[in-house]
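One structure is given here, and the rest of the page talks about it.
Here the structure is a predicted model, which means the values were calculated and not measured. Below, chain A is the first sequence line, B the second, and so on; all start at residue 1.
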Amino acid sequence: MKNGLPRTGKVADEDMLKRVPHEILEEAYKTGIDLDDATRSGTLFHVDQATIYAKVNAAYEGKIELMDTQAALQRYPWLQDYRLKIVDRGKDEFTQRVAENFSGGYFMRILPNAEVVFPLQSCLMITERGLEQRVHNIIIAEEGSKAHIITSCLQHFTVDRASHLGISEIYVKKDAVLNFTMIHHWNEDTVVRPRSAALIDERGEFVSNYICLSPVKDLQMYPVAFCNGDGAKASFNSILYGHQGSCLDVGSRAVLNGRGSKAEMITRAIARQDARMIVRGMIEGNTSECKGHLECRGLILDDEAVLQSIPELVARKRGAEITHEAAVGKLSEKEIVYLMTRRLTRDQAVSTIIRGFMDVGLMGLPEALTDEVNHIVDLVAEAS
Amino acid sequence: MTNILDVEDLRVQVEDKVVLDGITFTLRTGESHIMFGPNGSGKTTLLNALMGIPPSEVTSGKIVLLGEDITGRSVDERSKLGMSVGFQYPPEIVGVKLADLLKVCLGKETRSGFSEEENALIEAFKLTEFLDRDINVGFSGGERKRAEILQMMLLKPKLLLLDEPDSGVDVESLKLIASEIQRYIEASGSSALIVTHKGDILDYIRSDHACILLEGKIHCFLDPKRIYEKIKSSGYEECVLCEKRVTANWESG
């Protein structure tokens with residue numbers, strides 16, 4: 001599907017959003033994107049190979065910057081020092097392809113000591129059949145800043161075959177707090193390869209939430225957080241749902257280099273039909289007084305599904321404390337029957353348990369986001 | 001006076017083992033009945049069979065609730081007909097909040113709030129601070145029982161089946177839940193079958209009828225306090241030897 005938008009990679013006029021077909025906006029709404037200024041501090045839309053809209057809410061002018069990555073690289077020469085600094089361009093064929101040629105992406109900068117109450121949001125959408133979308137995103141949370149970001153990556157439901165390759169580099173500077181939520185919504189014919197890394201300075205805090213509840217042909221991602229500063233913290237929370245024909249290999253890695261640095265990883269994974277899922281997690285303790293905990297819980301709901309959990313703990317210094325819990329199982333009949341004694345049918349009881357299993361409460365989302373994300377989870381739980 | 005429950009020659013097995021071997025009794029509307037029995041006598045099996053909960057499997061006999069044969073009905077169907085069970089060991093369900101479960105009992109949407117009256121009842125059960133917690137996860141024995149009984153109060157059942165509501169409970173919680181149960185029974189005219197080990201609950205529940213479940217059969221005396229004193233003094237072994245057996249309307253035969 002072509003939407004008649006310019007493909008120059010330049011940021012389009014603000015009113016370009018009005019020219020975006022309604023059905024594109026409808027798809028974006030399904031993944032938590034909200035165009036109401038009252039609940040968002042800034043919005044960016046990147047459709048196929050062009051950023052068509054980027055606007056900061058007037059109340060946040062001077063606190064945040066939001067624009068297409070290509071435009072930002074042209075405006076700020078110093079940004080080249082951030083590009084491909086923590087993701088290696090030679091990591092694999094996908095990073096090489098994005099490093100050599102990318103259409104754009106989002107550049108977000110939260111200025112020093114800025115407190116951004118409402119989330120920044122971006123939507124990266126594919127509307128062209130067969131497209132290989134290549135994006136490079138850079139986020140900088142300057143010293144002392146606090147912000148939430150929600151980003152959705154999706155394809156329009158009329159698009160079947162497509163692929164999404166992305167590099168995301170996130171810098172959380174001294175005493176900054178950044179909560180980053182990414183929602184993926186693909187279909188059973190899409191190949192997805194995001195390559196992400198975060199660098200966290202002294203007492204910086206980075207929370208990364210990832211939700212993928214839609215079918216996907218082949219998704220492989222393994223974001224890494226380098227907790228380099230003393231007291232740096234990283235949290236990775238993921239909710240994954242594997243459908244018919246889906247292959248997901250999703251993980252996260254935290255490298256604890258700073259004294260007193262911490263990492264926590266929590267994953268909830270459900271495998272249905274013939275889904276193939278691998279859930280990985282690695283915490284490396286390279287300094288004394290560092291702590292990390294990794295928890296993975298999986299549910300297999302059908303005999304043909306495969307769910308593999310691979311936790312890894314590496315301690316390289318005395319004083320590193322790293323723990324993990326991993327469990328893969330089935331729905332508890334006792335729990336189902338218990339809910340049926342409360343007048344729920346079996347199907348309703350199963351939905352309730354699955355809904356609770358995918359509890360977004362652990363993600364620390366602001367109220368402005370919680371309802372949207374809960375709604376996405378509700379739809380999947382009911383369909384279960 | 002009508003019968004709320006008629007159980008006719010019920011035989012129940014659990015994993016191929018016969019646990020209840022021909023149970024027959026009647027509960028009348030508005031009455032509370034106490035059931036004693038040693039560990040392993042089949043009390044929980046009986047309550048599970050009445051509610052349709054596996055692994056209790058009815059192999060013959062009938063369960064009739066308010067004149068309707070419910071022997072083959074599902075758990076949720078029995079619940080919707082007005083039967084409710086308070087478990088001795090309710091499960092923990094990670095991710096399902098107490099507040100959400102209470103709204104399920106009230107028939108409300110998850111996103112709706114509680115009325116003033118409902119909040120007052122939650123506070124009376126001292127569970128306001130537990131609303132955002134995963135149901136039963138990390139709850140003490142008393143907290144679990146309070147959460148269990150509060151759910152039953154909100155379901156407003158016609159027949160309460162209570163499996164040892166007084167076990168694993170502190171004194172204060174027992175007084176609270178037993179008083180609320182009695183208050184509900186008096187106000188609603190509903191009936192109750194209460195399984196207990198101890199006589200503590202008898203301080204709060206008014207009942208004229210008690211029985212003992214032994215070796216798959218019911219033995220019966222009329223007065224709960226007398227029967228409890230008998231058990232305390234002579235033990236269950238003497239009950240086995242006793243010639244008195246329950247008849248359908250709970251009079252000793």
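Using a 4.5 Å cut-off between heavy atoms, B:Leu101 touches chain A through its side chain atoms alone. Interface remark: B:Arg78 contributes no atoms to any contact with chain A (heavy atom separation under 4.5 Å). Of the two parts of A:Arg297, only the side chain, counted from C-beta on, holds a non-hydrogen atom closer than 4.5 Å to a non-hydrogen atom of chain B. A:Asp378 touches chain B through its side chain: at least one heavy atom from C-beta onward sits under 4.5 Å away, while N, CA, C and O do not. Contact of B:Asn48 with chain A is not made at all, since no heavy-atom distance falls under 4.5 Å. Neither the backbone nor the side chain of B:Glu77 comes within contact range of chain A, judged by heavy atoms closer than 4.5 Å.
The aromatic rings of A:Tyr241 and A:His243 sit tilted relative to each other, their planes meeting at an angle between 30° and 60°.
Applying the ring pair (Phe, Tyr, Trp, His ring centres under 6.0 Å) test to every pair with at least one member in residues 50-99 of chain B, sequence neighbours left out, gives these pairs: A:Tyr338-B:Phe87.
Salt bridge annotation for A:Asp249-A:Arg276: absent, with no cationic side-chain nitrogen under 4.0 angstrom from a carboxylate oxygen. Here B:Lys108 pairs with B:Glu118 in a salt bridge; the nearest charged N to carboxylate O distance falls below 4.0 Å.
When each of B:Ser84, B:Gly95, B:Pro90 is scored by its heavy-atom pairs under 4.5 Å with chain A, the top score falls to B:Gly95.
For A:Phe118 and A:His148, the distance between ring centers is not under 6.0 angstrom.
Remark: B:Lys103 qualifies as a cation-pi partner of B:Phe114 under the 6.0 Å distance and 45° angle criteria applied to the six-membered ring.
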